[in-house]
Number of protein chains: 2
Amino acid sequence: MQASSHILKRLKERGHRFTKTRGLLLELLLKSPEPLSALDLQKAFSRSGTTVAKTTVYREFAFLMKEKVIRELDFGDSIKRYEIMPDNHHHHIMCVNCRKIEEVVLEKDLDSEEKMIAKNKQFKILNHSLEFFGLCAKCQ
Amino acid sequence: MQASSHILKRLKERGHRFTKTRGLLLELLLKSPEPLSALDLQKAFSRSGTTVAKTTVYREFAFLMKEKVIRELDFGDSIKRYEIMPDNHHHHIMCVNCRKIEEVVLEKDLDSEEKMIAKNKQFKILNHSLEFFGLCAKCQ
DNA sequence: TTGACAAACGCAACTGAGTTGCATTAATAT
DNA sequence: ATATTAATGCAACTCAGTTGCGTTTGTCAA
């Protein structure tokens with residue numbers, strides 16, 4: 001029983017197929033300590049002794065986004081990265097030198113700020129993106 | 001006396017040239033209520049009755065970034081946008097429908113959070129990016 | 001188990017933001 | 001006025017991501 005089973009089960013209940021590629025891609029995302037790009041995933045497939053077309057990876061990202069299984073992250077380097085949709089609300093910090101990414105949890109969330117903005121700007125806020133940039137222990 | 005004069009003066013003091021393109025580009029950035037992309041700027045040049053090569057716009061962005069006259073913003077749509085380096089620390093909210101961007105100022109800044117992260121993660125934090133996404137008054 | 005059907009896949013060609021090489025133009029110092 | 005070199009323009013390029021289309025494969029019903 002792989003860690004991705006319950007997700008695959010959920011997808012199947014919604015009428016989607018259980019393929020080898022989808023299973024492995026989810027496994028790899030689940031066990032990665034860092035968000036992964038399309039290229040990262042192709043490399044991970046390679047290391048697992050398989051291959052996957054980049055088209056498939058991008059389409060799978062789109063599919064899993066639609067199903068809200070993963071979420072997209074943007075670190076400003078024009079490479080989209082993805083992680084399994086987290087239970088705990090967290091953000092990230094990326095080392096601007098070696099690109100290492102770690103999760104960070106704020107002491108206070110941004111809910112009250114969002115309410116204030118919604119009120120002042122008459123925007124209906126749907127989400128936000130907050131990423132920190134700096135130098136990791138090794139790179140400073 | 002244009003609004004960009006003091007910036008051009010500052011650049012000149014550092015040994016850089018005062019060109020028509022640089023002057024107009026700064027004028028346009030200064031008077032824009034929203035951050036601008038390279039394409040936005042080319043269009044704005046057009047409306048001013050001039051033209052500019054996209055290469056020039058990108059190189060000018062790089063130059064002005066190096067001189068810390070502007071800063072780069074990322075709203076996750078793989079288009080870099082730029083705004084004059086602000087005095088007041090602010091973030092932005094973008095309408096996911098019509099792409100309208102407005103400035104927002106937090107009630108509490110993220111300094112204490114940054115200190116906490118720096119301590120816990122042993123990162124030296126250099127900066128952060130925080131953008132909100134939602135629907136503006138017209139689009140909801 | 002088999003056959004049908006559509007979801008999932010792979011390959012090649014494409015898109016579009018941003019970059020690079022190189023020749024030309026023009027701002028500044030002397 | 002002239003020399004120097006920063007700034008500019010054009011064309012070709014890069015690279016992450018997308019699209020078209022023909023093929024494979026998971027699923028379901030007979």
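Just so it is clear, the values below take in all heavy atoms, side chains as well, and ignore hydrogens, waters and symmetry mates. Everything numeric here is computed off the predicted structure, so don't read it as measured data. Reminder, nothing fancy here: chain letters follow the sequence lines and each chain counts from 1.
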Cationic N near anionic O, under 4.0 Å, B:Lys100 to B:Glu34: no
C:dA8 OP1/OP2 closer than 4.0 Å to side-chain N/O of A:Thr56: no
Donor-acceptor pair, side chain of B:Gln122 and main chain of B:Ile117, under 3.5 angstrom: no
Contacting residues from residues 40-49 of chain A, given that a heavy atom lies under 4.0 angstrom of DNA chain D: none
Integer-rounded Å distance: C:dA8 P and A:Leu24 CG: 16 Å
Whole-Å distance separating the CZ atom of B:Phe18 from the P atom of C:dA29: 13 Å
B:Arg81/B:Glu72 ion pair, N-O < 4.0 Å: no
Single-linkage hydrophobic cluster, 4.5 Å side-chain cutoff, B:Leu29 and B:Leu73 together: no
Interatomic distance, B:Glu13 CD vs C:dT28 P [rounded to whole Å]: 13 Å
Polar contact flag, side-chain donor to acceptor under 3.5 angstrom, B:Glu102-B:His90: no
Spacing of B:Leu26 atom CG relative to D:dA7 atom C1', expressed in whole Å: 14 Å
Distance under 6.0 Å and angle within 45° of ring axis: B:Arg99 vs B:Phe75: no
A:Gly76 backbone acceptor or donor facing B:Lys80 side chain under 3.5 Å: yes
Touch class at under 4.0 angstrom, heavy-atom based, for A:Lys20 against every strand present: nothing
Side chain B:Glu113, main chain A:Glu107, donor-acceptor under 3.5 Å: yes
Phosphate OP1/OP2 of D:dA7: any B:Arg22 side-chain N/O under 4.0 Å: yes
Length of the line joining B:Met65:CE and C:dG18:P, which is rounded to integer Å: 12 Å
Residue met sooner reading DNA chain D from 5', once B:Thr51 and A:His16 are mapped to nucleotides: B:Thr51
Donor-acceptor pair between A:Glu131 and B:His128 side chains, under 3.5 angstrom: no
Integer-rounded Å distance: C:dA6 C1' and A:Lys12 NZ: 15 Å
Polar side-chain contact A:Arg17-C:dA7 base: donor and acceptor under 3.5 Å: yes
Are there any protein N/O atoms within less than 3.5 Å of an N/O atom in nucleotides 10-20 of chain D, and if so, which ones and at what distance?
from: D:dC10; atom 1: N4; to: B:Thr55; atom 2: OG1; distance (Å): 3.3
from: D:dA11; atom 1: N6; to: B:Thr55; atom 2: OG1; distance (Å): 3.4
from: D:dA16; atom 1: O3'; to: A:Ser78; atom 2: O; distance (Å): 3.4
from: D:dG17; atom 1: OP1; to: A:Lys80; atom 2: N; distance (Å): 2.7
from: D:dG17; atom 1: OP2; to: A:Tyr58; atom 2: OH; distance (Å): 2.8
from: D:dG17; atom 1: N7; to: A:Lys54; atom 2: NZ; distance (Å): 3.3
from: D:dG17; atom 1: O6; to: A:Lys54; atom 2: NZ; distance (Å): 3.0
from: D:dT19; atom 1: O4; to: A:Thr55; atom 2: OG1; distance (Å): 3.4

Nearest-angstrom distance from the residue atom CG of A:Leu11 to P of D:dT27: 12 Å
A:Leu8 CG - C:dA8 C1' separation (whole Å): 14 Å
